[in-house]
**Student:** 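Following this message is one structure expressed as structure tokens.
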Number of protein chains: 2
Amino acid sequence: MPYDPSAFPPFAVTVDLVVLTVRGHALCALVVRRGEPPYQGQWALPGGFVRVDEDLEAAAARELTEETGLQVQGPDDPCAGAHLEQLATYGDPRRDPRMRVVSVAYLVLAPDLPTPTAGGDADSVRWAPVDDLLAADGGSGREEEGPAPLAFDHGRILADGVERARSKIEYSSLATAFCPPEFTVGELRRVYEVVWGVVLDPRNFHRKVTGTPGFLVPTGGTTTRQGGRPAQLFRAGGATLLNPPMLRPEA
Amino acid sequence: MPYDPSAFPPFAVTVDLVVLTVRGHALCALVVRRGEPPYQGQWALPGGFVRVDEDLEAAAARELTEETGLQVQGPDDPCAGAHLEQLATYGDPRRDPRMRVVSVAYLVLAPDLPTPTAGGDADSVRWAPVDDLLAADGGSGREEEGPAPLAFDHGRILADGVERARSKIEYSSLATAFCPPEFTVGELRRVYEVVWGVVLDPRNFHRKVTGTPGFLVPTGGTTTRQGGRPAQLFRAGGATLLNPPMLRPEA
DNA sequence: TCAATAGTGTCTGTAAGACATTATAGC
DNA sequence: GCTATAATGTCTTACAGACACTATTGA
């Protein structure tokens with residue numbers, strides 16, 4: 001059996017990052033402009049090679065910090081930092097024209113942030129609405145003036161990441177990962193509305209999330225940053241699985 | 001940037017299979033005995049190297065057929081064959097003592113079958129209850145006469161696969177993948193009971209599954225193979241997502 | 001006859017969805 | 001005053017869970 005290092009084919013292993021955030025009224029993903037062939041000049045997901053003695057998740061966290069300055073959420077402090085989880089692995093032999101590359105994709109959920117700095121190169125990194133990015137991939141037959149699709153198979157990876165996020169906020173408290181450490185019920189509702197692309201009843205939503213044990217913990221403070229009557233501030237509770245779940249309205 | 005083939009470290013890429021079935025009153029996984037070091041003589045998940053020009057999923061399907069004779073479910077004929085889906089990827093630098101191996105794990109759900117033949121070697125492959133396999137891993141401090149844990153990090157991979165199966169039959173019709181092409185409501189209920197380790201009310205279960213559109217399609221036939229009154233035979237309907245979902249009773 | 005499983009019906013509590021009302025800020 | 005958002009309450013309907021009952025086989 002082939003355990004001689006020269007007996008098996010050479011693979012390159014990379015990590016790709018689907019970094020999502022809620023900005024304004026759109027779910028946005030972080031994309032970087034490719035500076036070299038192939039797909040030179042096109043947008044792609046951030047990512048890079050896994051190092052020899054590096055765990056896959058450590059590689060993803062390192063690339064995230066290198067390209068965005070974001071820190072990954074530690075086990076001690078669940079308030080600060082971004083959520084990171086493995087998404088899926090993509091290994092089609094022809095996904096990279098140069099060689100055999102197996103890419104482990106990670107999903108990152110982050111609060112809205114100032115524009116990221118890609119190691120000082122501000123022109124080569126941006127937040128883009130996922131609807132725009134996916135329309136370029138899915139739209140059959142190149143409409144006029146449509147945005148260019150993402151490089152490699154990154155359009156599919158992004159679509160998988162968005163679908164994961166959409167379904168996971170149903171039965172887990174992950175939606176709070178899109179919010180700042182302290183947030184209001186209205187801000188959390190806007191996260192659900194933007195990620196799902198629906199409009200939710202504010203009254204039923206409030207009753208539901210405040211009635212789910214362990215989801216939200218009141219901090220005692222209030223804010224008027226949304227205008228109107230001051231709203232209570234909350235932080236994420238310890239619960240990770242929501243019971244009962246938030247149910248996404250069907251189309 | 002390092003796209004020179006000699007510039008990145010050499011990785012081996014393998015697939016590992018978590019093959020689950022329901023046998024009698026236990027959820028069982030397929031394990032093979034290792035014939036060589038490391039972990040010689042211990043049980044491990046089936047798997048092997050990905051070939052140079054082979055897609056990851058194709059490698060998983062090939063290993064499945066080679067080690068069990070099982071065919072993967074094709075898109076044309078959803079009745080026969082096993083369900084195959086990607087589970088997760090494991091790449092800790094020290095998970096294999098010989099070299100850096102990144103393993104893409106796949107989850108296979110299969111109906112109960114005659115004992116598999118591992119390329120003719122019947123002594124080196126068997127179905128084992130997952131509770132036994134996981135007790136060996138989780139049980140702290142080596143009890144007397146406890147079964148040996150699985151090789152490598154296969155105990156954790158198996159645990160992840162079992163948890164995926166347990167949660168996925170809640171909101172999808174995947175439980176039918178554990179059943180033969182034609183099955184009764186009672187047989188499907190036993191699948192849920194064994195996978196979840198609970199007892200379900202037969203009357204509520206019957207009302208629920210027959211009332212979920214697209215889940216079950218009556219074939220017109222009946223069977224008395226379970227004893228008692230003849231039961232209607234069904235096959236899996238086209239629905240993949242169950243709405244409303246089956247809810248797992250909480251502990 | 002009994003024992004087994006299949007299938008249907010009824011009741012109750014919980015919760016989701018629709019919608020009214022009051023509360024508290026800035027203007 | 002008006003308008004914005006926050007927060008609580010009421011009503012109806014749907015469904016999960018509990019349990020009673022009938023149906024059809026084999027021993």
Side-chain angles (χ1 to χ4, degrees), chain A residues 24-25 169-171 179 182-194 196 198-235 239 241-251, chain B residues 24-25 169-171 175 179 182-194 196 198-235 241-251:
Chain A
H25 294 291
I169 64 174
E170 285 193 87
Y171 52 90
C179 296
E182 295 199 351
F183 54 88
T184 70
V185 172
E187 290 166 345
L188 182 64
R189 175 168 50 83
R190 267 178 284 278
V191 165
Y192 276 93
E193 290 180 332
V194 167
W196 284 344
V198 297
V199 173
L200 299 175
D201 186 298
R203 302 157 290 192
N204 294 335
F205 184 86
H206 189 281
R207 167 163 48 89
K208 173 113 187 167
V209 294
T210 55
T212 299
F215 193 6
L216 300 183
V217 176
T219 66
T222 61
T223 181
T224 60
R225 61 186 172 220
Q226 301 294 334
R229 170 177 167 179
Q232 270 190 287
L233 283 171
F234 295 85
R235 56 182 176 79
L241 259 57
L242 299 186
N243 200 331
M246 304 290 302
L247 290 179
R248 172 164 32 163
E250 23 189 340
Chain B
H25 294 291
I169 65 174
E170 285 193 87
Y171 53 89
C179 296
E182 294 198 350
F183 53 89
T184 70
V185 173
E187 290 165 345
L188 182 64
R189 174 169 50 84
R190 268 178 285 277
V191 165
Y192 276 93
E193 290 179 333
V194 168
W196 284 346
V198 297
V199 174
L200 300 174
D201 185 298
R203 301 157 290 190
N204 293 335
F205 184 86
H206 189 282
R207 166 164 47 88
K208 173 110 188 169
V209 295
T210 55
T212 298
F215 193 6
L216 299 183
V217 176
T219 65
T222 60
T223 182
T224 59
R225 62 184 171 222
Q226 300 296 332
R229 170 178 169 177
Q232 272 191 284
L233 283 171
F234 295 85
R235 56 180 176 81
L241 259 57
L242 299 185
N243 200 329
M246 304 289 302
L247 290 180
R248 171 163 35 164
E250 24 191 339

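Below, chain A is the first sequence line, B the second, and so on; all start at residue 1.
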**Student:** What are the residues of residues 214-225 of chain B, sorted by number, that bring a heavy atom to within less than 4.0 Å of DNA chain C?
**Tutor:**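 None, since no heavy atom is under 4.0 Å.
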**Student:** Ignoring backbone atoms, test whether A:His206 places a side-chain nitrogen or oxygen under 4.0 Å from the OP1 or OP2 oxygen of D:dA6.
**Tutor:** no
**Student:** Between N or O atoms, less than 3.5 Å apart, protein on one side and nucleotides 12-16 of chain D on the other: list the pairs.
**Tutor:**
residue	atom	partner	partner atom	Å
D:dA16	OP1	B:Lys208	NZ	2.2

**Student:** Do B:Arg189 and B:Asp201 touch side chain to side chain, with heavy atoms closer than 4.5 Å?
**Tutor:** no
**Student:** Sort me out a list of protein N/O and nucleotides 3-5 of chain D N/O pairs below 3.5 Å, or just none if empty.
**Tutor:**
residue	atom	partner	partner atom	Å
D:dT5	O2	A:Arg229	N	3.2

**Student:** For the pair made of CZ in B:Phe205 and P in C:dT8, what is the distance, rounded to whole Å?
**Tutor:**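 It is 14 Å, rounded to the nearest whole Å.
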**Student:** Distance-only criterion, 3.5 Å: show the donor-acceptor pairs between side-chain atoms of residues 241-248 of chain A and protein atoms not counting sequence neighbours.
**Tutor:**
none

**Student:** Is there side-chain contact between B:Cys179 and B:Leu188, with at least one heavy-atom pair below 4.5 Å?
**Tutor:** yes
**Student:** Quick check: any donor-acceptor pair below 3.5 Å linking the side-chain of A:Arg203 to the base of C:dA20?
**Tutor:** yes
**Student:** Check the distance between C:dA6's C1' and B:Leu188's CG and give it to me in whole angstrom.
**Tutor:** 15 Å
**Student:** A:Val217: which residues meet the side-chain contact (heavy atoms from CB on, under 4.5 Å) condition with it, sequence neighbours left out?
**Tutor:** A:Arg235
**Student:** Kindly write out the residues that satisfy side chain to side chain donor-acceptor pair (under 3.5 Å) with B:Gln232, not counting sequence neighbours, or none if the list is empty.
**Tutor:**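 With neighbours one apart ignored, the set is empty.
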**Student:** For residues 213-223 of chain B, which residue pairs pass the salt bridge (Lys or Arg N to Asp or Glu O under 4.0 Å) check, not counting sequence neighbours?
**Tutor:** none
**Student:** Rounded to whole Å, how long is the line connecting atom CD of A:Glu170 with atom C1' of C:dA16?
**Tutor:** 14 Å
**Student:** Just to verify, what does B:Arg229 make a side chain to side chain donor-acceptor pair (under 3.5 Å) with, not counting sequence neighbours?
**Tutor:** none
**Student:** Once you round it to whole Å, what is the distance between P of C:dG17 and CZ of A:Arg248?
**Tutor:** 13 Å
**Student:** Holding to salt bridge (charged side-chain N to carboxylate O under 4.0 Å, His left out), I want the full list of residues that pass it with B:Glu182, two or more places apart in sequence or in another chain.
**Tutor:**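 Residues passing salt bridge (charged side-chain N to carboxylate O under 4.0 Å, His left out) with B:Glu182: none at all.
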**Student:** Which whole-number value in Å describes the distance from B:Gln232 CD to D:dT25 P?
**Tutor:** 13 Å
**Student:** Which pairs pass side chain to side chain donor-acceptor pair (under 3.5 Å) with one or both residues in residues 206-223 of chain B, sequence neighbours excluded?
**Tutor:** B:Asn204-B:Arg207
**Student:** Quick one: A:Asp201 CG to C:dC19 C1', roughly how many Å, whole number?
**Tutor:** 8 Å
**Student:** Can you list everything that forms a side chain to side chain donor-acceptor pair (under 3.5 Å) with A:Gln226? Sequence neighbours excluded, please.
**Tutor:** A:Glu187, A:Arg190
**Student:** Take atom CG of B:Asn204 and atom P of C:dG9, then tell me their distance rounded to the nearest Å.
**Tutor:**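 Between P of C:dG9 and CG of B:Asn204: 14 Å.
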**Student:** Once ring-ring contact (aromatic ring centres under 6.0 Å, His included) is applied, do any residues pair with B:Tyr192, and if so which ones, sequence neighbours excluded?
**Tutor:**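 Checked B:Tyr192 against ring-ring contact (aromatic ring centres under 6.0 Å, His included); matches are B:Trp196, B:Phe205.
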